[in-house]
Amino acid sequence: MRPGARSRAAGTLAAARAALAGIRSTRMYFFFQVALSGVATGAIYGLIAVGYSLTFMTTKALNFALGMWVMLGGMLTYSLIVLHAFHPLTALPIVVSALFALGIVAERFSVMPFLRAGSDVWVMSTLAVGFLMIDLAEIVWGRSPTPVPPLLGKNPIYIGPAAVLPQQLLIVGAACVTFIALDLFYRRTLLGKAFRAVAHSGETSGLMGINTRRVQAVSYAAATALAGFAGFLVVPLTLAEPQLGTVLGLKAFAIAIIAGLAAPRGILVCGLAYGALEALISGYFYTGIRDILGFSLMIAALFLKPEGLFGKPLEERA
Amino acid sequence: MTGNGHMRVAAAVMAASFWTWAPAQAQEPIKLGFAGALSGPASFVGVEIKRGAEIAIDEINAKGGIGGRKLVLVSRDDEHNPVKTVAQYRELVEREKAVAIVGATNSASMLAVAPIVNDTLNVPVICPATDATAITENDAQKQGRDNYLFRVGMYGTGQANFMVDTMVKKFGHTKVGLLTWTGGWGVTGRGELQRRLRENGLAPVADETFDNNDTDMTPQIIKLKNAGAQSILNYALVRENTFVVQTKEKLRDNTPYVSAWGIAGPAFWKAAGAAGEGVLTSTTVTIDGPQPPERMTFVNEYRRRHNQDMDAAVFAIGAYDAVYLFKAAIERDGVEPQKIRAALENIPEFKGLVKHFTRPVFTRDRHNAVTEEDMVMTRWTNGKMLEVKFDAKGPHVEIDAQTKKYLDRSNMTLL
């Protein structure tokens, strides 16, 4: 970096710091603090939501139980870190690969047979797998919510006057990195290109020599592995308990629909924005109408842009 | 003559049957019933009730039972499902011939069985856990008929009164905020808290809610703070309360936080950890801090039998007291359900584990043993629920040396 550029960067940083320090008035602080905690929640939604898109693009099927897969990731994390004293960095690859493997199995038995038969029963069978996992988790780990220590400690970090937990920042960061990685994967790798080809037309890609079947299985398992990653990250915030992912999965689904199931890049933006919006509605109105306003906005957005805010118009893709 | 002969035969048969019947009666055990969640999410409540009742029954039987008859507990798992509770109550009374029942785990179950218990089953029930006000203040009570439902646990209206009055009258707070859960129990609690504040001539300075999806309560906490709340009253369970105290910790908010008895047990500290320090919780009884000897005996007996501490001591202790109340009633007027019911209204004094009642435990007009005056405010202090005492020194908790060291180290004020 040239010295001039460095001093310019330092200047920008100082300016940003001064701007943040200016958030003294209660009103500005309120807005900033509430929006910030909302963005942190939104990153969780985004991280899970991209899983719906992964599966949908290649198979046109949805894993409706993605929230339960998040739970499974979280409970496994709890099991490894708290019950068996694994280091979090050792636990992470175990959780992600376990969920990938389970995803392959689940796809083979609960989705593929129905897709092959041209039936829509996968809607129910993916959910059935999810409920099965909740019941199993209750038997294995019990019902009472248990804490999992956050990776970077509990002391809040201050951005200006607004506090944010290190774990929340970590999730925002992890979500951004995941989306960038996913973007590179889709554009730069052969498998990624195969994903996109299958998304565009399964039949044609099959004729071009792509193993469509394998791409579908891998995309499904990639989504469950990603859910496991999300579970690993959120469990210190949500407490380990068998219901931790159910509502998160539902909200994430809404985000995936708003952004457009075929628009992974838009999902992050939508997730962060939706989280902030939710928190601000809670902050400026009250919690009771938060979901009413949120889901009304979703319907309105779909009414105006049925393919999702970031989706390409349907004619273009046909 | 023949008539006379018949009479004689009949008399002989009756005498013979009495002769065989009487000793059998003496050995036949007295059956107490229990139907509640012994599986599923609420099973921890049902298990505590069952264990508490069993300890009391074994103690009584070891001393020869009641008038030579042993006590037995017949328990059923209603899976927290009111439909099953109703069926099982019928079965317990009609087939098993239970003469008294220890109440269920679900308020909805008790509300469902209350009219049946009063109108057809006519068997006394003492509830250690369910807190819906209408369980004991039911139609029979209002119409002046015999009411078969009694309670040794919390009751909704009383708890809300206790929480509000403690903060308003004992702490002198005039700016009280509410933070309640939008689930069933939270909604009822919110209404009750609003009513009591109104009766005190106050309105909540902020009336915030949250739902199952809220893991971060930043907007709610800042709004309560900005409204100048001197204390925050809450109705929720362990999970949500953990998110509240975590958010309060993040925002460095130290507004006194008062919870209903949803977190009156070690599960809260297990989930929230040190973030739960200083949270006030209303309850009927706490087993932390200095204890009367009979309560310690019970705590130790529980530990000996199950090799663990109680998850929810209030329920086990309530069930234990319920059994002893039935015993007192049976010893007074006999073992018929109607007589037990009537006798329960006439127990002038009772040394229970919940408390030592020096006044009648129940009266015809009051079927809640624990009234607002008997409820206990506790403060979560280093993992213990210590009773807050209100005397000349002002509100305080008595802490031992070890806890004091902890408090000094974490530099936390007492309230």
Side-chain angles (χ1 to χ4, degrees), chain A residues 26-27 29-31 33-38 40-41 44-45 135 138-139 142-147 149-150 154-158 161-168 234 236-244 246-248 250-251 275 278-291 294, chain B residues 37 39-45 178-182 186-187 190 206-228 237-243 245-253 263 265-276 311-312:
Chain A
T26 331
R27 242 183 239 174
Y29 161 71
F30 181 69
F31 176 84
Q33 174 71 67
V34 168
L36 188 66
S37 66
T41 316
I44 303 176
Y45 297 155
D135 287 348
E138 280 179 8
I139 293 169
R143 284 267 329 185
S144 63
T146 324
K154 275 187 166 177
N155 290 334
I157 294 169
Y158 287 86
V164 60
L165 292 174
Q167 188 75 18
Q168 292 178 316
V234 301
L237 294 178
T238 60
L239 300 177
E241 49 121 10
Q243 291 292 350
L244 81 87
T246 316
V247 184
L248 285 177
L250 208 68
K251 283 275 163 81
E278 252 191 4
L280 290 171
I281 292 173
S282 277
Y284 285 100
F285 302 98
Y286 75 105
T287 314
I289 60 162
R290 182 187 59 194
D291 288 350
Chain B
S39 63
S43 60
F44 78 100
V45 182
L178 304 185
L179 179 58
T180 52
W181 173 42
T182 53
V187 175
R190 181 179 175 211
D207 190 353
E208 291 298 309
T209 58
F210 54 83
D211 63 28
N212 288 337
N213 190 34
D214 281 293
T215 54
D216 183 306
M217 311 265 185
T218 302
Q220 290 93 330
I221 297 293
I222 303 185
K223 276 165 88 178
L224 284 157
K225 202 174 180 173
N226 287 351
L237 302 176
V238 168
R239 181 176 169 270
E240 298 79 29
N241 267 309
T242 303
F243 299 145
V245 295
Q246 276 175 357
T247 309
K248 275 168 67 72
E249 191 182 45
K250 178 184 89 174
L251 298 172
R252 304 257 159 93
D253 174 64
I263 58 168
F268 174 62
W269 194 266
K270 207 175 138 212
D311 280 333

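Keep in mind that this is a model prediction, so the values were computed, not measured. Note on naming: letters A, B, ... go to the chains in the order of the sequence lines (proteins, then strands), and numbering restarts at 1 for each one. Atom set for the values below is all heavy atoms of this structure, side chains included, hydrogens, waters and symmetry mates excluded.
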Which region of [X], side chain (C-beta onward) or backbone (N, CA, C, O), has a non-hydrogen atom less than 4.5 Å from a non-hydrogen atom of chain B, or is it both or neither?
X	result
A:V164	backbone
A:F285	backbone
A:D291	side chain
A:L237	backbone

Between OG on residue A:S37 and CE on residue B:M217, distance to nearest 0.5 Å: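 Rounded to the nearest 0.5 Å, the OG-CE separation comes to 11.5 Å.
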At what distance, to the nearest 0.5 angstrom, does CD of A:Q167 lie from NZ of B:K250?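 Rounded to the nearest 0.5 Å, the CD-NZ separation comes out at 12.5 Å.
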Practice task
For each of A:P242, A:A240, A:G38, A:A163, tally heavy-atom pairs with chain B at distances under 4.5 Å, and name the one with the top tally.
Solution key: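 Ranked by heavy-atom pairs under 4.5 Å with chain B, first place is A:A163.
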Greatest number of heavy atom pairs closer than 4.5 Å to chain B - which of A:Q243, A:E138, A:K154, A:K251: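 Between A:Q243, A:E138, A:K154, A:K251, the count favours A:K251.
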Give me the atom names and distance for the closest heavy-atom approach of A:L239 to B:A271.
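Minimum heavy-atom separation between A:L239 and B:A271: CD2-O, 3.9 Å.
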Note to self: Quick check: closest heavy atoms across A:Y29 and B:L251, and the distance to 0.1 Å?
What the structure shows: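 In this case the closest contact between A:Y29 and B:L251 is OH-CD2, 4.1 Å.
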Heavy atoms only, distances under 4.5 angstrom: which of B:D207, B:I222, B:T215 has the most pairs with chain A? Name it, please.
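Ranked by contacts with chain A, first place is B:I222.
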Next on the checklist: For chain A, which candidate among B:T247, B:D214, B:V238 shows the most heavy-atom pairs at distances under 4.5 Å?
Outcome noted: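 Looking at each option in turn, the highest pair count goes to B:D214.
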Original post:
Between the side chain of B:K223 and the main-chain N/O of A:G283, is any donor-acceptor distance below 3.5 Å?
Top reply: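 Yes, B:K223 side chain to A:G283 backbone: donor-acceptor pair under 3.5 Å.
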Can you confirm whether A:R290 sits close enough to B:D211 that some side-chain heavy atom of one is under 4.5 Å from a side-chain heavy atom of the other?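 Yes, at least one pair of side-chain atoms sits under 4.5 Å.
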Query raised in the report: In terms of heavy-atom proximity below 4.5 Å to chain A, should B:T242 be classed as side chain, backbone, both, or neither?
Result: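 Contact with chain A is through the side chain of B:T242 alone.
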